[in-house]
Each structure stands twice: as structure tokens, then as C-alpha cells.
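Each residue takes its place number in the sequence, starting with 1. In this text, all values refer to a predicted model and were calculated from it rather than measured experimentally.
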Amino acid sequence: MKRLENQMVNQAAKKRILVIDDDERVLISLECLLENEGYETTTVWSAQDGLNMLRTKPFDLVLLDDYMHGVAIEGIFDEIQKMEIQPPVILTVSSSLPEARKHFIELGAVAVVNKWAPCEEIAAEVRKQLAKAGLEAVPA
């Protein structure tokens with residue numbers, strides 16, 4: 001009985017993460033990584049689907065691709081900033097140019113990570129940003 005109670009508490013405490021990317025490899029990789037870390041993960045293929053999901057369900061964090069076909073990243077951030085609840089956004093990028101990272105932070109990203117970084121690096125950034133938002137224990 002105690003084990004079942006612990007599982008129920010763990011399920012209730014799961015943090016919800018939305019992954020928005022138009023690359024199937026990235027979606028699958030991030031979904032596996034985040035679920036192995038214990039997060040409830042939802043993945044979507046398009047910026048519009050991601051914005052619609054954010055309007056209808058609460059998420060604790062968003063991992064967003066820096067380049068979504070046919071949609072300017074500035075427009076995505078504008079839409080998120082209009083929402084009543086604005087989860088922290090970590091931008092996943094292919095480029096590591098410092099000026100691009102600075103631009104993304106100015107737009108509203110709380111962090112920028114390389115989408116092909118080692119799993120532990122991405123997981124550590126997720127934990128760090130959830131901790132900053134007061135949603136998770138501070139990482140060691």
C-alpha cells in the first residue's frame with residue numbers, strides 16, 4: 001500500500017514539459033530523455049500546435065526549437081508573452097553563435113542549449129530552470 005501511495009505522489013508531482021520541434025529525431029530524443037528523468041512530456045511538430053497546447057493545458061517548462069519552418073521565433077515569443085500563464089522557455093539550437101544566444105535571451109528564453117548536446121547537459125539545464133522557477137529542488 002505504501003508503495004502505491006508513493007507512486008501516486010510521484011505522479012502528482014511530475015512536472016509537465018512541452019517540446020516543440022519540427023524534427024522527429026529531436027522530438028523522440030528529448031521525449032525519451034525527459035521521461036527517463038521523470039517528467040511528463042508532450043511533444044508537438046509545429047509552432048501553432050505548441051501555442052494551442054499552451055493555451056489549453058498548463059506546462060511547467062517549454063523546450064522550443066530555434067527554427068520552426070514558416071514561423072519567426074519572435075512571433076512565437078510574442079504569443080507566449082500574451083498568455084496568462086507563461087512557462088519558462090528553453091530554446092534548443094543548432095548554432096552556438098554567441099550573438100544568436102544573446103538575441104534569444106533578449107526575446108525571453110530563460111536558457112539556450114544545443115539540441116545535440118549530451119543528454120546530461122540538457123537534463124541539467126531543465127532541472128536548473130525548474131529550480132529557478134521554484135518547481136523543483138535545487139540541483140546538486
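- Among residue pairs with one or both ends in residues 26-39, those qualifying as salt bridge (Lys or Arg N to Asp or Glu O under 4.0 Å) are Glu37-Arg127; sequence neighbours excluded.
- Listed by chain and number, the residues in a salt bridge (charged side-chain N to carboxylate O under 4.0 Å, His left out) with Asp23 are Arg25 (sequence neighbours excluded).
- Residues in residues 82-94 take part in these side chain to side chain donor-acceptor pair (under 3.5 Å) pairs, two or more places apart or across chains: Glu79-Lys82.
- In the displayed structure, Glu99 atom CD is contacted under 6.0 Å by more than 12 heavy atoms of other residues, nucleotides or ligands.
- Under the 4.5 Å side-chain criterion, counting only non-hydrogen atoms from C-beta, Pro88 is in contact with Leu61.
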>> Would Leu91 and Ile73 count as a side-chain contact (heavy atoms from CB on, under 4.5 Å) here? Give the steps.
In response: CA-CA 10 Å; Leu91 214 59; Ile73 194 73; 3.9 Å; yes
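- Considering CE of Met53 and CZ of Arg16, their distance stands at 8.5 Å, rounded to 0.5 Å.
- Applying the ring pair (Phe, Tyr, Trp, His ring centres under 6.0 Å) rule to pairs touching residues 86-133 yields nothing, sequence neighbours excluded.
- The CG atom of Asn114 lies 6.5 Å from the CZ atom of Arg101; values are rounded to the nearest 0.5 Å.
- Contact check for Val126 versus Leu33: no side-chain heavy atoms found under the 4.5 Å cut-off.
- Each of Phe77 and Tyr67 belongs to its own hydrophobic cluster when Ile, Leu, Val, Met, Phe, Trp and Tyr are linked at side-chain heavy-atom distances under 4.5 angstrom.
- Gln129 and Ala111 make their closest contact through NE2-CB, 3.7 Å (heavy atoms, listed as atom of the first residue, atom of the second, distance).
- Under the side-chain contact (heavy atoms from CB on, under 4.5 Å) criterion, Ser29 pairs with no residue, sequence neighbours left out.
- No side-chain heavy atom of Gln48 sits less than 4.5 Å from a side-chain heavy atom of Val71.
- Side-chain heavy atoms closer than 4.5 Å link hydrophobic residues (I, L, V, M, F, W, Y) into clusters, and following such links, possibly through other members, connects Leu107 to Leu54.
- Counting heavy atoms from C-beta on, the side chains of Leu130 and Tyr39 come closer than 4.5 Å.
- Hydrophobic clustering of Ile, Leu, Val, Met, Phe, Trp and Tyr side chains at less than 4.5 Å, counting indirect connections, keeps Phe59 apart from Leu63.
- Within the 4.5 Å cutoff, the side chain of Asp21 has no heavy atoms near those of the Thr43 side chain.
- Applying the salt bridge (Lys or Arg N to Asp or Glu O under 4.0 Å) definition to pairs two or more places apart or across chains, those involving residues 61-71 are Asp65-Lys115.
- Taking 4.5 Å as the limit, some side-chain heavy atom of Ile90 sits within range of a side-chain heavy atom of Glu125.
- Cluster annotation: Ile20 and Val89 are assigned to the same hydrophobic cluster (Ile/Leu/Val/Met/Phe/Trp/Tyr, side-chain heavy-atom contacts under 4.5 Å, transitive).
- With contacts defined as side-chain heavy-atom distances shorter than 4.5 Å, the pair Ile122/Leu30 qualifies.
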> Does the side-chain contact (heavy atoms from CB on, under 4.5 Å) test come out yes or no for Val44 and Asn52, once each step is laid out?
Replying inline: CA-CA 10 Å; Val44 294; Asn52 290 340; over 6 Å; no
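- Cluster membership check: Ile80 shares its hydrophobic cluster with Leu18, using side-chain heavy-atom separations under 4.5 Å among Ile, Leu, Val, Met, Phe, Trp and Tyr.
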